[in-house]
J.: 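What follows is a structure written as structure tokens; I'll ask about it next.
These numbers were taken from a predicted model, which means no experiment stands behind them.
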Amino acid sequence: MNKKNLFYIILIFCLSFGFCCAEEDYFRIYEELQPADFSYIFGIDPYQNEDYIRYKLSPYPLLRTGVDFRFKDIVIPNGYYLLTPRRQNDRDYVLFKQNGKVVFIIPVYKKELVEPGFYKKHVPQVKKNLWNKTGDMLSNLVGRISKDSKRTPPPKAYIEVNEVQNTFWELILYYGTQKYYLLFLKD
């Protein structure tokens, strides 16, 4: 193998690696995202009761925003929101809920699987005192006696907010086995 062929191989490798690692075009992604073309009657999520019956605690992660998030003509003011991922019309959305009502519906631009071991690494374990351990033991005992009261623990959740290109906020919702990416314009 001569030097010229080696140079071409290295050049092709570098160019292909550069294309693979190119940064996403967030401006294009933001322009292509369309707001939800549906709404819920009286702001009530029809599957919410089903989720609350299955789980021992609320299955939705709570987000406290300190800034306003802007998606197209939707402005999400700072406050507390329960984030609920939902699939509607073959598209993924995240519902922002306050007081049990859906107030905002934001589309997801990318969905991925959560890496194995992510929650063990990033979500701290709850330290329980004797009172909490006793309550859990009684709850589990009742769950074993009556099959109707047996409930599963809620899915693991984690929320991450990143600033992207000094123009966007990228909110990543880790929920169960899925990762949901949302994009908001900075003010």
J.: Please report the interatomic distance CG(Asn99) to OH(Tyr80), rounded to the nearest 0.5 Å.
T.: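 Nearest 0.5 Å value for the CG-OH distance: 13.0 Å.
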
J.: Over all heavy atoms of both residues, which pair between Ile106 and Leu182 is shortest? Give the atoms and the distance, please.
T.: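 For Ile106 versus Leu182, the nearest heavy atoms are CG2-CD2, 3.5 Å.
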
J.: Gln34 and Pro107: which non-hydrogen atoms are nearest, and at how many Å?
T.: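 Heavy atoms of Gln34 and Pro107 come nearest at O-CG, 3.3 Å.
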
J.: Supply the atom-to-atom distance Gln88 CD to Asp37 CG, rounded to the nearest 0.5 angstrom.
T.: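 Interatomic distance, Gln88 CD to Asp37 CG, rounded to 0.5 Å: 8.5 Å.
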
J.: Val103 and Lys97: side chain to side chain contact (heavy atoms under 4.5 Å, CB included), yes or no, with the steps?
T.: CA-CA 6 Å; Val103 286; Lys97 297 181 182 180; 5.9 Å; no

J.: With rounding to the nearest 0.5 Å, note down the distance linking OG1 in Thr177 to CD in Glu112.
T.: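 Here the interatomic distance stands at 12.5 Å.
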
J.: Apply the test side chain to side chain contact (heavy atoms under 4.5 Å, CB included) to residues Ile29 and Tyr181: give CA-CA distance (whole Å), side-chain angles for both, the deciding distance (0.1 Å), then the verdict.
T.: CA-CA 11 Å; Ile29 292 170; Tyr181 291 82; over 6 Å; no

J.: How far does CG of Asp45 sit from NZ of Lys101, to the nearest 0.5 angstrom?
T.: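 So the CG of Asp45 and the NZ of Lys101 are separated by 11.5 Å.
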
J.: CD of Gln125: more than 12 outside heavy atoms within 6.0 angstrom?
T.: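 Counting other residues, nucleotides and ligands, CD of Gln125 stays at 12 neighbours or fewer.
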
J.: Applying a strict under-4.5 Å side-chain criterion to I, L, V, M, F, W and Y, I'd like to know whether Val75 and Trp169 cluster together.
T.: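 No, Val75 does not connect to Trp169 through the hydrophobic network.
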
J.: Are the side chains of Asp92 and Arg86 in contact, using a 4.5 Å heavy-atom criterion?
T.: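 Counting from C-beta outward, Arg86 and Asp92 never come under 4.5 Å.
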
J.: Given Tyr109 and Tyr30, is the ring-ring contact (aromatic ring centres under 6.0 Å, His included) satisfied, shown in steps?
T.: CA-CA 8 Å; Tyr109 78 88; Tyr30 183 78; over 10 Å; no

J.: Hey, is the main chain of Glu163 close enough, under 3.5 Å, to the side chain of Lys186 for a donor-acceptor pair?
T.: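 No, because the side chain of Lys186 does not come within donor-acceptor range (under 3.5 Å) of the backbone of Glu163.
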
J.: For Ile159 versus Pro61, what's the shortest heavy-atom pair and its separation?
T.: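 Ile159 and Pro61 have their closest heavy atoms at CD1-CB, 4.0 Å.
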
J.: Determine whether Val161 and Leu185 fall in the same hydrophobic cluster, where Ile, Leu, Val, Met, Phe, Trp and Tyr are linked whenever their side-chain heavy atoms lie under 4.5 Å apart.
T.: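 Yes, it is one cluster - the side chains of Val161 and Leu185 are joined through contacts under 4.5 Å.
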
J.: Give a yes or no on whether Tyr180 and Val164 share a hydrophobic cluster (residues Ile, Leu, Val, Met, Phe, Trp, Tyr; joining criterion: side-chain heavy atoms under 4.5 Å apart).
T.: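 Linked, Tyr180 and Val164 end up in one cluster.
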
J.: Are the side chains of Val94 and Thr84 in touch, meaning some heavy atoms are under 4.5 Å apart?
T.: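 Of all side-chain heavy-atom pairs linking Thr84 with Val94, none is under 4.5 Å.
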
J.: May I ask you to check whether Phe96 and Phe71 place their ring centers less than 6.0 Å from one another?
T.: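 No; Phe71 has its ring centre 6.0 Å or more from that of Phe96.
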
J.: Identify the heavy atoms of Pro85 and Tyr175 that sit nearest to each other, and give their distance.
T.: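 Smallest interatomic distance, heavy atoms only, reads CG-CD2, 3.5 Å.
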
J.: Does Leu173 reach the side chain of Leu63, with side-chain heavy atoms less than 4.5 Å apart?
T.: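 With C-beta onward as the side chain, the pair stays apart.
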
J.: Roughly how far apart are Gln165 CD and Glu170 CD, rounded to 0.5 Å?
T.: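 Gln165 atom CD to Glu170 atom CD measures 10.0 Å (nearest 0.5 Å).
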
J.: Do Tyr52 and Leu95 belong together in a cluster built from hydrophobic side chains that touch within less than 4.5 Å?
T.: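 Different clusters: Tyr52 never reaches Leu95 through Ile, Leu, Val, Met, Phe, Trp or Tyr contacts under 4.5 Å.
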
J.: Could you tell me if the side chain of Lys156 sits less than 4.5 Å from the side chain of Tyr174, heavy atoms only?
T.: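 Tyr174 vs Lys156: side chains apart.
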
J.: Hey, do the aromatic rings of Tyr81 and Tyr60 have their centres closer than 6.0 Å?
T.: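 Distance test on ring centres: not under 6.0 Å, no.
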
J.: Does Leu113 sit in a hydrophobic cluster with other residues, and if so which ones, taking ILVMFWY side chains as linked at heavy-atom separations under 4.5 Å, directly or through other members?
T.: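 Other cluster members: none.
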
J.: What is the minimum heavy-atom distance between Ser39 and Ile105, and which atoms define it?
T.: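 Heavy-atom minimum between the residues: CA-CD1, 4.3 Å.
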
J.: Between Lys179 and Val114, which heavy-atom pair has the shortest distance, and what is it?
T.: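 Of all heavy-atom pairs spanning Lys179 and Val114, the closest is N-CG2, 4.0 Å.
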
J.: Does the side chain to side chain contact (heavy atoms under 4.5 Å, CB included) test come out yes or no for Arg70 and Phe184, once each step is laid out?
T.: CA-CA 5 Å; Arg70 180 179 305 278; Phe184 298 99; 5.7 Å; no

J.: Spell out, yes or no, whether Leu171 and Ile74 are grouped together once hydrophobic residues are joined by side-chain heavy atoms under 4.5 Å, including indirect joins.
T.: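 Cluster IDs for Leu171 and Ile74 match.
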
J.: State the CZ-CG distance between Arg64 and Asn78, to the nearest 0.5 angstrom.
T.: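 Those atoms lie 7.5 Å apart.
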
J.: Could you check whether the rings of Phe38 and Tyr40 sit parallel, tilted or perpendicular, using 30° and 60° as the cut-offs?
T.: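 Perpendicular, since the angle between the ring planes exceeds 60°.
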
